Amino acid sequence: MASTLNLAQNEAVTYGQGPVLVLAGAGAGKTRVLTHRAAHLLQAKKLSPSRLLVLTFTNKAAREMRGRLHTLVGEAASEKIWAGTFHSICARLLRYDIERLEAGYQRRFVIYDPNDQEKLMKEVLAQLDLDATQHRPRGLLRQISALKNQGLQPADYRRRDLGFQELTLARVYAAYQEQLARHNALDFDDLLLLPLQLFQRFPDLLQRYQRHFEHILVDEYQDTNPVQFALLRQLAAPQQNLFVVGDVDQSIYSFRNADFQIILRFQQDFPQAAVIKLETNYRSTRPILVAANTLIDHNRERFDKVLLAARGEGEAIRLHSARNEYQEADYVLAELQRLVRSGKYGYGDICVLYRTNAQSRLFEERLVQQRVPHQVVGAFRFYDRKEIKDLMAYLGVIYNPLDSLNLKRILNTPKRGLGAKSIQQLEQAAERDGLSLWDALQTPAILAAMPKRAQQPLQDFLGLMQRLRDFKGSLAELIQALYTDSGYREELAKDEESFEDRDTYVRSFIQAAEDFMAPDPETLLGDFLQHLALISDVDRLQESGQLVRLMTVHAAKGLEFPVVFVTGLEEGVFPHVRAILAEENDDDGPIEEERRLMYVAMTRAEDLLYLTHAQYRMQRGESTYQETSRFLEEIEDHLGQKLSQTSVFDRPLSTQVPTPPAASTVAELDDLNAGESVYHPDFGSGTVEKVYISGSRPIAIVTFPGGFGKRILDLRSAPLQRL
DNA sequence: CACATCTGTCTTTTT
DNA sequence: GACAGATGTG
């Protein structure tokens with residue numbers, strides 16, 4: 001077995017052939033090594049660019065690598081290499097050969113995102129006469145995803161000895177898969193699985209790709225899932241010229257079936273493998289690194305590795321205990337404003353991290369109030385906007401008429417008077433005649449049988465789609481045409497208040513189509529739709545501009561910032577409750593993953609690291625007392641101040657401020673009426689707008705002047721006092 | 001048929 | 001506080 005080598009970056013770059021595993025800690029220059037390895041192969045080894053396959057974790061990473069290779073090996077070569085995520089590369093392969101599979105997929109397939117999947121699953125459940133409240137669509141989809149990732153097809157699974165529950169799952173799985181094929185749609189799992197099936201069924205195809213890709217480079221190898229591994233292993237089989245880089249301690253995607261055992265097993269899977277360790281961190285100052293090392297050392301399952309700081313001493317980590325989430329946001333805002341005013345840092349040097357997207361709201365509100373330029377990565381995505389999705393649905397149907405899900409979405413968008421009844425009748429007719437919804441629409445006899453008042457709208461819709469499908473012009477012109485000709489723009493214009501915003505979004509969507517480059521005009525629409533489906537949140541991180549960035553820790557993987565705030569360090573938030581619950585059931589996996597996540601968060605920081613937590617936080621409409629995160633305790637010795645000092649006044653509100661016990665609060669406020677004045681410790685005094693019961697909960701809507709606006713408060717728990 | 005309002009449910013991370 | 005689904009109203 002090959003030995004483990006401690007090499008400098010440049011030696012790793014030029015290291016021999018055959019399988020190579022580079023284990024590199026955070027900030028050790030993984031991306032640099034990968035990029036230079038690519039350049040080395042292209043230049044010194046005279047590898048033809050199209051023979052190089054680079055698999056990155058995000059499309060952004062691929063784009064950036066191309067950019068850097070640009071300067072290293074020239075534009076022509078960098079454009080010719082195959083670089084992208086597993087998903088986008090697989091989609092590309094499938095576009096060529098998917099029709100070879102018997103399931104009935106066609107070249108022009110579309111990709112269904114989780115929203116689409118859920119809609120489809122609801123239809124499947126209805127079709128099987130299963131109650132969607134009893135069989136949760138999301139739960140079923142998760143289980144199906146797990147089966148797919150074990151390589152189990154519906155038929156394979158059925159053959160097993162199944163219990164009653166599992167039998168239902170087997171039926172649902174089979175029906176779901178059949179529906180996908182009928183829609184000519186793939187989900188994210190299929191995107192990886194179908195190429196594997198193709199390779200198994202058609203060895204000639206596999207051989208072609210094996211011969212084609214002489215070298216394969218993989219980034220973030222610790223987050224590879226078993227299906228991706230199977231693909232890699234097959235593609236790399238003949239020469240095993242596989243060069244992977246990763247860090248076990250940064251494996252944070254197990255919920256997506258990533259398995260860090262794959263990186264741990266590399267030497268067993270490839271006995272010829274050389275293992276190179278890069279243990280010098282060039283990113284962070286010593287206090288940050290020492291704390292991060294201390295934290296991750298609490299994990300049991302890991303390779304022993306300590307990061308050495310190439311940079312010297314720096315400022316101590318700063319801890320802040322806020323009373324509640326509002327004051328946490330205030331602190332972060334005040335602090336980052338102070339840093340910017342000091343002149344040492346710009347807004348673009350600062351990043352605010354949190355565990356869940358829901359936490360972003362307060363920070364964003366404050367940033368807007370204070371007019372601080374910022375960008376929220378993820379959260380509410382541009383492509384999730386209704387108007388954009390509606391237009392995308394049109395494009396989807398134009399491209400792939402079998403996409404009945406999107407067809408149903410646009411049949412009555414904008415409103416044409418085709419309600420649920422008409423659509424249902426159409427579906428039944430299609431079902432009866434074994435036609436797709438689209439083909440049913442093309443059948444005169446079916447149309448004639450529709451109710452009178454649906455006739456004209458249906459004719460109009462058909463005419464519109466016909467014109468759009470025959471449209472000659474650029475992609476941007478097509479979208480512009482469908483925007484106006486469908487009457488969609490007119491419908492948006494009816495709401496004067498929102499029209500300007502929405503129209504602007506649509507125009508930037510059209511601009512995006514205008515800017516979109518595809519190698520072949522023939523496949524432009526397909527490429528564009530694929531791009532939209534596979535684009536990730538960080539992919540849209542704006543490169544330029546001095547903007548404060550807000551994102552989840554997951555989204556921050558691979559990024560670095562001079563100043564980082566890690567917020568919400570509370571038991572239940574970070575680490576997340578789910579992990580804590582698993583731990584109580586003797587499963588330490590999830591909590592260790594949370595710890596790795598914390599490790600990732602901390603190691604994003606170059607100079608300054610802030611850790612914050614709140615003692616109270618609103619969760620599901622209730623203000624709850626939050627225990628300090630265990631992660632803070634684990635690194636207590638390395639914090640600029642002692643945790644205990646701040647923990648001392650971590651007292652429940654009731655013992656600190658003389659607030660009446662909950663029961664009497666409700667009793668007292670029970671007869672609260674609109675128009676009364678109340679006092680809230682966080683928002684000050686306000687006026688009651690409305691009092692009502694929501695379900696079993698007494699709710700008051702209170703307006704607070706002074707920037708806090710309208711708040712919905714649960715009277716059982718809100719610390720309100722009458723004035 | 002379209003829109004408004006109410007009610008019950010709910011733990012996260014994403015290609 | 002968000003969201004989906006149900007129910008009520010014009």
Side-chain angles (χ1 to χ4, degrees), chain A residues 55-62 84-91 111-115 118-119 122 132-133 136-138 142 145 186-192 220 223-225 227-228 251-258 325 353-359 361-362 377-381 412 414-423 451 453-454 457 491 495 530 533-539 551-557 568 572-582 590 593-594 596-597 600-601 617-624 692-697 699 701 710-714 718:
Chain A
L55 293 157
T56 54
F57 197 72
T58 61
N59 288 303
K60 172 171 174 274
T85 60
F86 272 99
H87 286 87
S88 57
I89 298 289
C90 284
I111 299 165
Y112 274 3
D113 70 12
N115 282 324
E118 203 176 324
K119 273 191 214 157
K122 282 176 187 161
T133 51
R136 296 249 176 70
R138 276 193 215 164
R142 225 192 5 258
S145 174
L186 310 187
D187 64 19
F188 283 117
D189 291 321
D190 290 340
L191 226 37
L192 301 176
E220 308 281 11
D223 281 318
T224 304
N225 73 36
V227 179
Q228 292 168 334
S251 167
I252 54 174
Y253 278 92
S254 69
F255 67 92
R256 224 168 66 185
N257 301 303
E325 70 268 38
L353 297 178
Y354 33 78
R355 177 63 178 80
T356 65
N357 281 307
Q359 290 165 255
R361 227 194 72 247
L362 281 183
V377 177
F380 196 71
R381 300 155 51 177
N412 199 29
K415 293 180 181 60
R416 303 183 172 85
L418 291 171
K421 268 266 159 57
S422 308
I423 293 179
R453 66 172 170 181
E491 178 157 292
D495 188 343
Q530 181 191 308
L534 297 181
I535 192 170
S536 73
D537 294 329
V538 252
D539 288 339
M551 65 190 91
T552 62
V553 183
H554 282 92
K557 169 160 142 163
V573 177
F574 199 180
H576 196 270
V577 245
R578 296 284 287 230
I580 297 173
L581 289 174
E593 180 147 320
E594 295 283 315
R596 293 193 292 273
L597 198 54
V600 169
R617 185 178 293 274
M618 274 291 234
Q619 296 204 298
R620 271 199 286 162
E622 264 186 279
S623 176
T624 48
Y692 60 96
I693 306 286
S694 165
S696 55
R697 289 154 38 192
I699 301 290
I701 296 179
K710 226 179 245 185
R711 299 275 163 189
I712 298 167
L713 301 169
D714 186 332

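Every chain is numbered from 1, with letters handed out A, B, ... down the list of sequences. Just so it is clear, the model here is predicted, and its values are computed rather than measured.
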For nucleotides 3-5 of chain B, give me every protein contact, N/O to N/O, under 3.5 Å, one pair per line with atom names.
from, atom 1, to, atom 2, distance (Å)
B:dC3, OP2, A:Lys415, NZ, 3.2

Checklist entry - Ring stacking, A:His87 with base of B:dT15, under 5.5 Å and under 30°? => result no
Looking across every strand, which nucleic acid part, if any, lies under 4.0 Å from A:Asn412 by heavy atom: base, sugar-phosphate, or nothing?
sugar-phosphate
Note to self: Quick check against the 3.5 Å criterion: does A:Glu325 have a side-chain atom that pairs as donor or acceptor with the backbone of A:Leu362?
What the structure shows: no
### Message
When you measure from the side-chain N and O atoms of A:Ser88 to the phosphate of B:dT15, is any distance below 4.0 Å, counting only OP1 and OP2?
### Response
no
Checklist entry - Between the main-chain N or O of A:Ile252 and the side-chain N or O of A:Asp223, is there a donor-acceptor pair closer than 3.5 Å? => result yes
In this structure, OG1 of A:Thr85 is separated from CD1 of A:Ile535 (nearest 0.5 Å) by 11.0 Å
Give me the distances for all protein-to-nucleotides 4-8 of chain C N/O pairs that come in under 3.5 Å?
from, atom 1, to, atom 2, distance (Å)
C:dG5, OP1, A:Lys122, NZ, 2.7

| message | Counting only side-chain nitrogens and oxygens, does A:Thr85 get under 4.0 Å of the OP1 or OP2 atom of B:dT14? | response | no
To the nearest angstrom, the CD-P distance between A:Glu491 and B:dA2 comes to 10 Å
Regarding B:dT12, can its base be found pairing with the side chain of A:Arg355 as donor and acceptor, where the two atoms are less than 3.5 Å apart? yes
Open item on the list: Need one value for A:Gly417: base, sugar-phosphate or nothing, where a base atom within 4.0 Å counts as base even if backbone is also close, heavy atoms only.
Closed with: sugar-phosphate
Separation of B:dT13 atom C1' from A:Asp223 atom CG, nearest Å, is 11 Å
>> Between A:Asn357 and B:dT14, is there a contact of a side-chain N or O with OP1 or OP2 at under 4.0 Å?
In response: yes
